[in-house]
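Please read the structure below before turning to the comments.
Sequence lines set the chain letters: A, B, ... in the order given, protein chains first and strands last, and positions in each chain run from 1.
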Amino acid sequence: MSEKVLMKGNEAVAEAAIQAGCRYFFGYPITPQNEIPEYMAKRMPKVNGVYLQAESEVAAINMVYGAAGAGARVMTSSSSPGISLKQEGISYLVGSDLPCVIVNMVRGGPGLGGIQPAQSDYFQAVKGGAHGDYYLVVLAPSSVQEAVDLTMEAFDIADMYRTPVIILGDGMLGQMMEPVQFHQYKGRNLPAKDWATTGTNNSRKRNIINSLFIDPQELENLNIERFNRYKQIQEKEVKFESVNCEDADVVLVAYGTTARVAKSAMSRARAEGLKVGLIRPITLWPFPVQVFQQVARTAKAFLAVEMSMGQMVEDVRLAVNGLKPVYFYGRTGGMVLTPMAIVEEIKKISGGEKND
Amino acid sequence: MSEKVLMKGNEAVAEAAIQAGCRYFFGYPITPQNEIPEYMAKRMPKVNGVYLQAESEVAAINMVYGAAGAGARVMTSSSSPGISLKQEGISYLVGSDLPCVIVNMVRGGPGLGGIQPAQSDYFQAVKGGAHGDYYLVVLAPSSVQEAVDLTMEAFDIADMYRTPVIILGDGMLGQMMEPVQFHQYKGRNLPAKDWATTGTNNSRKRNIINSLFIDPQELENLNIERFNRYKQIQEKEVKFESVNCEDADVVLVAYGTTARVAKSAMSRARAEGLKVGLIRPITLWPFPVQVFQQVARTAKAFLAVEMSMGQMVEDVRLAVNGLKPVYFYGRTGGMVLTPMAIVEEIKKISGGEKND
Amino acid sequence: MAKVFFKEDRCKGCELCTTVCPKGIVVMARDRINNKGFQPAQVIEQDKCIGCAFCAMICPDVVIEVEK
Amino acid sequence: MAKVFFKEDRCKGCELCTTVCPKGIVVMARDRINNKGFQPAQVIEQDKCIGCAFCAMICPDVVIEVEK
Amino acid sequence: MTKVFEKPKALCDVPLHYCPGCTHGIIHRLVAEAIDELDILGKTVGVASVGCSVFSYNYFECDMQQAAHGRAPAVATGIKRVHPGNVVFTYQGDGDLAAIGTAEMVHAAARGEKITVIFVNNAIYGMTGGQMAPTTLLGQVTQTSPYGRNAENQGYPIKVCEMLSTLEGSAYIARVSVDSVKNIRNAKKAIKKAFETQIEGKGFSLVEVLSTCPTNWGLSPVESLDWLRANMMPFYPLGIYKEK
Amino acid sequence: MTKVFEKPKALCDVPLHYCPGCTHGIIHRLVAEAIDELDILGKTVGVASVGCSVFSYNYFECDMQQAAHGRAPAVATGIKRVHPGNVVFTYQGDGDLAAIGTAEMVHAAARGEKITVIFVNNAIYGMTGGQMAPTTLLGQVTQTSPYGRNAENQGYPIKVCEMLSTLEGSAYIARVSVDSVKNIRNAKKAIKKAFETQIEGKGFSLVEVLSTCPTNWGLSPVESLDWLRANMMPFYPLGIYKEK
Amino acid sequence: MNCTHEIVMAGFGGQGIMFAGKLVSYAGMLAGKEISWLPSYGPEMRGGTANCHVIVSDEQIGSPIITNPTALIAMNRPSLDKFEDTVVPGGLILTDSSLINRSVKRKDVVAIEIPATQHAIDLGEGKLANMVLVGRLIRETGIVSLDILKEALKKIVPARKQELLEMNIKMIELGYNG
Amino acid sequence: MNCTHEIVMAGFGGQGIMFAGKLVSYAGMLAGKEISWLPSYGPEMRGGTANCHVIVSDEQIGSPIITNPTALIAMNRPSLDKFEDTVVPGGLILTDSSLINRSVKRKDVVAIEIPATQHAIDLGEGKLANMVLVGRLIRETGIVSLDILKEALKKIVPARKQELLEMNIKMIELGYNG
Ligand SMILES: Cc1ncc(C[n+]2csc(CCOP(=O)(O)OP(=O)(O)O)c2C)c(N)n1
Ligand SMILES: Cc1ncc(C[n+]2csc(CCOP(=O)(O)OP(=O)(O)O)c2C)c(N)n1
Ligand code: SF4
Ligand code: SF4
Ligand code: SF4
Ligand code: SF4
Ligand code: SF4
Ligand code: SF4
Ligand SMILES: [Mg+2]
Ligand SMILES: [Mg+2]
């Protein structure tokens with residue numbers, strides 16, 4: 001069992017990636033995730049890995065494409081504007097079924113926006129910021145420890161289903177230090193990457209990494225095959241935490257660092273006698289639909305809280321499907337929620353003051 | 001009253017833009033929308049306008065930013081991968097409240113995909129392909145004539161609310177020829193662009209076009225102000241067509257060229273005695289939520305049909321909010337729906353064979 | 001003596017080969033079209049061929065093989 | 001006679017101005033800090049100033065004005 | 001009798017999709033011949049770009065990746081960094097490399113990335129139907145320069161070899177043509193040299209090949225070679241621009 | 001007595017946010033002085049880029065736009081094409097211009113776009129806390145070259161003036177420094193000349209200014225000027241690289 | 001439903017396939033019908049076959065894509081190979097027998113093989129074989145009258161190309177009457 | 001709830017603010033508490049104030065952002081100006097009076113003004129004023145014991161910097177006892 005160490009979220013993600021066998025990192029500086037490339041720049045040479053600062057986020061994601069296509073465990077990281085620039089590349093990775101891990105430490109937007117924490121890239125990550133039919137696996141850690149654990153698992157999920165996986169954090173998660181432990185990484189049993197372009201060595205048929213399929217029937221078939229894999233992911237990889245939902249009247253829904261605030265709010269509300277629960281989706285895609293269907297039987301209302309103008313709330317509505325009212329409360333632009341304000345919202349709902 | 005002329009959808013969009021006063025076009029070639037830049041290259045010099053082929057889609061959208069910030073009516077066009085590359089720029093346009101028109105003639109994806117028609121960029125256009133909290137006005141013409149009319153209106157909507165507007169077509173719409181008429185363009189009453197960077201001429205305070213707000217409270221305020229404008233758009237700009245919904249058991253939902261196929265399917269189904277209606281959203285954002293709420297009272301089920309693996313169907317579900325089952329049928333990767341296949345799906349629903 | 005072979009069905013009738021033959025013996029077949037619908041290049045006077053492979057070198061479609 | 005003025009509260013104490021004065025009269029005030037918390041530059045021996053404005057030219061913060 | 005000319009082994013035995021007389025085909029063959037002669041097929045990985053040559057992943061017998069428009073040098077970098085022992089090349093058109101891909105190209109060269117770039121300059125966007133490229137000559141009529149490219153509004157053609165030669169990381173930079181047997185021979189030499197430069201670890205190598213686009217130039221294949229000689233070669237002088 | 005030196009009118013009367021001794025401030029002032037001297041404030045539009053100078057939109061008294069990282073030349077192009085009578089300049093760092101913005105820069109130059117670029121080369125990414133820039137010198141330690149920039153893996157620094165001078169559309173290209181009074185005077189001349197080049201419609205103009213980043217170089221402001229002189233100036237020679 | 005004509009025209013690039021389709025569409029428009037014209041596009045155009053889909057109908061047109069044409073004009077062999085089987089039973093197949101070295105195999109369609117290119121060469125311009133076929137198409141199908149077709153032609157051939165116009169009309173008449 | 005310490009430390013960059021925060025966090029961790037440390041980041045760091053938020057608690061920590069600190073360490077005037085009003089009534093304000101030319105105005109807090117930089121200079125290293133203040137902080141608040149603080153210091157100061165370690169300890173003790 002490894003010792004507890006104090007680490008920034010960004011550094012912890014970087015170290016976790018290395019411990020999960022990632023040896024290639026292509027990045028470009030942007031606040032608030034710079035500690036990831038900086039950590040990689042220091043550590044990679046020590047483990048015979050490659051840290052390469054690309055000329056841009058666009059170049060970085062395409063280097064990831066090349067490296068992933070060559071069979072490597074590879075990662076890139078950025079924050080909001082940089083992730084927007086990666087969209088074409090992400091769509092290519094999907095189209096060529098290449099595994100990789102992409103970190104987005106979200107900051108306030110749109111545009112250059114600000115650099116304080118936000119969750120307003122939810123739609124981009126979960127609904128598809130790029131063109132074409134696809135989903136990404138989206139993991140949303142809410143503590144530094146969970147960032148470590150999920151980063152490690154991300155590589156396995158990526159390799160298992162040949163899909164890019166997004167770690168969706170925010171500036172707060174990236175910058176804060178908490179104690180973490182690096183558990184010995186036990187990987188899954190994974191298929192060999194016999195599709196990778198390693199050079200044929202004149203001993204096998206050539207491999208082609210490609211996303212162009214000029215015959216629409218072929219392209220449709222591939223999309224359907226990919227969606228079959230998505231179905232497996234939906235069946236097997238859903239993760240969430242639910243607390244105090246059994247007797248809850250109002251169920252908070254929050255992910256990432258906001259879920260921490262929501263938990264504090266829940267405690268305070270309970271202390272005041274309000275029956276409040278919490279569902280914390282850990283996989284944003286696949287979204288934990290079933291728990292909502294279940295909790296909707298007993299709860300009276302849901303309150304989605306986000307550092308955005310309301311994005312995840314749509315998935316909550318889709319999951320609840322009209323069974324119970326779904327309310328929203330959020331802050332945006334780098335403003336962070338406070339437990340007090342959430343408790344106020346809970347009271348409004350309980351008092352019938354808030355409209356769906 | 002102008003004569004009917006036969007025109008490709010792409011050319012018609014270009015001509016409509018010029019007639020709406022657009023004098024600046026920045027583009028980059030990509031199939032299946034090349035006739036737009038090509039038409040612009042020919043026509044713009046004749047009307048003292050500027051056609052400039054940028055070095056990339058990224059450059060093009062940022063030239064649009066500069067020109068829009070300088071107060072011009074400006075347009076760019078592309079197709080799926082190119083639109084993905086524009087995402088950061090789109091977010092900047094939003095963040096700086098700049099009006100412009102962006103055309104996406106969608107092709108099969110993800111990745112390089114194919115070049116046949118598709119509707120799989122719905123999420124990107126409607127939910128936000130870029131970072132930050134925002135919406136774009138998204139207009140979905142289903143004929144060449146409608147492409148002309150909506151393109152003209154797009155510029156007014158853009159200027160009125162200081163927002164980018166997307167024309168979401170597909171390869172089929174761009175490539176097909178149909179008869180069109182160019183009605184004399186009657187613009188709306190629009191506010192002066194006194195915010196534009198035209199040079200102060202030493203006679204007014206300087207103008208600043210900017211999306212950076214380092215103080216999160218300021219950034220949040222601006223986001224909220226922008227969402228207030230969105231609310232106005234939702235109240236005033238919703239457009240849809242609904243046919244035969246009064247007595248319909250099954251209501252088809254389709255937009256763009258797919259709505260044409262759906263209409264054929266509706267006719268066939270009616271001919272076979274099935275009570276089928278159609279809702280055709282013309283503004284994809286704002287989505288015509290109210291008509292669904294209303295029709296859901298009488299209809300037994302909805303069937304969203306799309307050239308995708310299912311994207312708009314989410315908005316249908318959100319609009320119907322569990323009142324009635326919502327089914328989906330789609331083709332993807334450049335495959336086009338046929339009326340026959342849709343009728344089959346309708347029959348499955350009517351026969352209870354299809355699951356929600 | 002040298003010999004040139006044409007994979008006639010790969011020929012696209014571009015005529016590039018006809019411009020480089022030092023012997024002027026590569027000519028287009030005006031009497032027939034191949035499966036692709038092109039009039040193919042051909043050498044009738046094989047005996048004049050010196051096996052220089054110029055024709056093959058400029059052919060964009062690897063239609064021609066040369067033996068010597 | 002020349003004169004230099006320092007907008008002291010804009011000074012960030014970078015000392016660049018002190019390196020270029022041909023008269024060596026620009027020095028840092030070690031006895032006080034300005035509102036920003038920096039020890040500001042100053043000229044005490046104003047009478048030695050020749051108004052060359054070197055100090056002003058190298059100041060990154062437009063702290064200095066010069067009259068002659 | 002022995003074969004004095006046959007299809008190189010590194011080229012797949014399938015028909016090429018290029019238009020009649022398009023010199024992309026010749027260039028493909030030269031790359032394959034170089035691979036054969038250096039006997040590196042088993043360790044070569046090619047990167048196809050977006051342009052008429054996008055399907056080149058179907059034509060080379062080595063492992064291939066297809067890169068996003070303009071990003072082939074970045075993709076090649078990813079591959080090469082994972083398998084430094086591989087020989088990695090990109091095959092890119094002038095729109096791909098000199099327009100959207102400018103940054104990736106310049107930086108691969110600046111990094112001295114040990115890859116080889118085959119840069120096919122036909123002064124036009126072929127694949128998309130003949131629009132102006134950054135390499136389109138002044139006065140040249142294309143779909144998006146219908147009145148002839150005009151420097152005042154549309155700027156000047158970019159000379160890629162000249163520009164990249166200013167970068168320390170570039171080790172071998174040459175411009176060749178495939179308009180004649182002699183030039184085809186030289187082109188092959190340059191391509192081979194570029195691969196050798198990579199194999200020897202000297203740095204970044206690029207061969208610009210002047211090429212035709214009969215379809216979009218609106219000329220016959222034979223006229224196209226004439227046009228190339230008369231117009232492109234004077235503006236884009238052949239030669240070795242850098243050799244380390 | 002008359003003022004022999006005061007704040008230029010084109011510079012706003014607000015404190016600059018730059019670190020103590022950062023020469024961004026000097027360069028701002030020089031740009032403002034040039035605008036004053038040419039009496040073009042009312043028709044000038046500036047474009048701020050992403051970097052420490054992002055807030056320059058708060059410092060110039062003319063209309064300003066803030067551009068996405070690296071895209072200032074594209075934004076400037078958009079502005080200039082709409083109002084050809086305006087004087088349009090960008091103010092960009094070396095990360096902004098020579099990394100992510102390479103394509104936009106090269107193509108603005110190739111087009112001969114009538115804009116002026118003030119290119120502040122401090123051999124580092126200042127704003128984000130001192131990562132390696134494309135202009136970082138070999139051996140230089142930064143946050144992302146912790147063992148010193150090494151050519152083998154991280155490539156060579158890019159000489160922007162030398163590269164852009166190869167392009168026909170560039171009309172005035174110069175490299176200057178602000179490490180001494182003499183060089184500051186030359187820098188001002190070059191900046192003024194660049195604006196004049198634009199006003200006369202000759203084409204694209206760029207002035208590269210060698211600048212310091214005391215904070216991320218880990219040196220005092222005075223030491224920083226020494227380091228600039230000792231390390232940057234030999235590698236990035238000052239001078240006029242192109243003049244039409 | 002029978003008053004909807006769905007015509008596929010196919011051949012090499014350069015044979016005037018797109019123009020022929022446009023002409024018929026234009027004529028349909030002049031005749032007051034609903035029409036749509038959709039070209040094939042993309043890389044398959046290079047070297048391979050180019051085709052366009054023309055629908056002329058009394059009703060609003062749904063999809064402009066034709067899966068099963070009521071009429072096919074095939075101007076080279078690959079086009080005939082590709083589309084022969086898709087024609088509706090009882091439909092029309094028109095081929096340019098000067099360029100296609102085989103006959104139509106289908107027995108359940110009306111197959112008409114015209115040496116259109118030869119005819120066109122005889123009349124002075126081999127490249128106008130497309131017009132010969134269009135002339136025949138409208139005679140066989142009655143999509144529009146010959147007069148309207150000529151009127152349409154006048155609208156889309158620029159006035160300054162008077163000579164070309166006359167040549168085109170000659171070709172159409174040849175096809176229509178021949 | 002009272003066993004949650006929310007400490008804001010603020011000053012210029014280079015004063016060791018971040019390190020001081022890390023040290024207290026580390027000590028909290030060794031003491032078996034829940035802890036979080038959050039720095040301010042971004043351009044406001046340049047020239048302006050740098051600060052970090054440290055929470056040491058017996059309970060799971062929600063938001064690591066502190067709106068109302070239970071203790072403030074201010075190492076320059078802008079920091080005091082900025083944060084003085086945010087401290088909870090009854091909270092602690094520690095200032096380095098060598099660097100701040102004014103007194104704490106609040107009357108409802110415990111205000112302690114220490115010439116920390118001067119003390120540190122006297123002891124041999126002016127840059128370790130941060131440690132003096134940390135020493136005093138733990139005495140006033142009892143977040144952790146002096147021993148644990150020292151232990152934490154040993155863990156985060158690299159062994160090869162033994163000298164530095166000793167100096168640091170001296171400073172802490174000075175603050176703690178002084
Ligand atoms: C992001 C993106 N933009 C645009 C395109 C469309 N596109 C395909 S090929 C091409 C240009 C090809 O020209 P070039 O590189 O010169 O190659 P050529 O076809 O002439 O050989 C373009 C713009 C694309 N596929 N992706
Ligand atoms: C798309 C995008 N990528 C990255 C960033 C983060 N970023 C901000 S400034 C900067 C670099 C600035 O360096 P430079 O241009 O050299 O300017 P300096 O700060 O040194 O003056 C970067 C990478 C961003 N804002 N947007
Ligand atoms: S090998 Fe030489 S001589 Fe023989 S046909 Fe070819 S070009 Fe002519
Ligand atoms: S060069 Fe090749 S393709 Fe062209 S005509 Fe000759 S043999 Fe045929
Ligand atoms: S103006 Fe010249 S002499 Fe006077 S203080 Fe400044 S530098 Fe010294
Ligand atoms: S150069 Fe300016 S900021 Fe620096 S010390 Fe002198 S007056 Fe102060
Ligand atoms: S379009 Fe041009 S470049 Fe492309 S295959 Fe045809 S001739 Fe070659
Ligand atoms: S970080 Fe560097 S470039 Fe930025 S303001 Fe500070 S010293 Fe100047
Ligand atoms: Mg080309
Ligand atoms: Mg810099």
Side-chain angles (χ1 to χ4, degrees), chain B residues 8 10-11 14 23-63 76-87 89 105 107 109-115 171 174-175, chain E residues 47-57 64-72 75 93-106 124-136 140-158 160 163 216:
Chain B
K8 273 196 172 192
N10 282 332
E11 291 168 348
R23 287 295 175 277
Y24 302 90
F25 180 90
F26 303 96
Y28 189 80
I30 186 168
T31 307
Q33 61 81 57
N34 289 316
E35 293 81 5
I36 299 180
E38 288 169 9
Y39 191 93
M40 290 299 195
K42 276 196 202 80
R43 284 279 292 151
M44 277 298 190
K46 307 282 184 195
V47 295
N48 281 321
V50 171
Y51 162 80
L52 186 63
Q53 186 170 306
E55 56 272 28
S56 70
E57 291 86 353
V58 172
I61 194 73
N62 285 286
M63 290 173 182
T76 186
S77 67
S78 189
S79 178
S80 309
I83 297 289
S84 290
L85 282 171
K86 290 181 198 281
Q87 291 305 319
M105 293 297 179
R107 55 191 250 182
L112 189 46
I115 54 174
Q175 293 297 324
Chain E
V47 181
S49 65
V50 178
C52 279
S53 61
V54 65
F55 297 113
S56 61
Y57 58 75
M64 295 289 297
Q65 292 199 21
Q66 198 293 311
H69 193 31
R71 319 305 175 193
V75 171
D94 47 333
D96 190 84
L97 181 146
I100 191 168
T102 308
E104 286 72 16
M105 178 48 42
V106 165
I124 207 153
Y125 287 66
M127 171 80 143
T128 41
Q131 295 82 10
M132 191 184 83
T135 45
T136 292
Q140 191 181 335
V141 170
T142 70
Q143 292 293 332
T144 52
S145 58
Y147 311 111
R149 181 176 190 165
N150 129 355
E152 181 65 15
N153 297 322
Q154 297 166 311
Y156 298 88
I158 295 181
V160 169
M163 185 173 83
N216 290 303

* Is the side chain of B/Arg107 donor-acceptor paired with the backbone N or O of B/Gly113 at a distance under 3.5 Å, no angle test? ->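 Not confirmed, B/Arg107 side chain does not pair with B/Gly113 backbone.
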
* Look at B/Glu57 together with B/Lys86 and state whether they make a salt bridge at an N to O cut-off of under 4.0 Å. =>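 The answer is no: the pair does not qualify as a salt bridge.
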
* Asked: B/Gln175 and B/Asn10: which non-hydrogen atoms are nearest, and at how many Å?
  ->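 Distance-wise, the nearest heavy atoms are NE2-ND2, 3.7 Å.
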
Checking heavy atoms, do the side chain of [X], its backbone, both or neither come under 4.5 Å from chain E?
X	result
B/Tyr39	neither
B/Gln53	side chain
B/Ile30	backbone
B/Pro45	side chain

* Ring centroid separation E/Tyr125 to B/Tyr28 under 6.0 Å ->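 Under 6.0 Å, so yes.
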
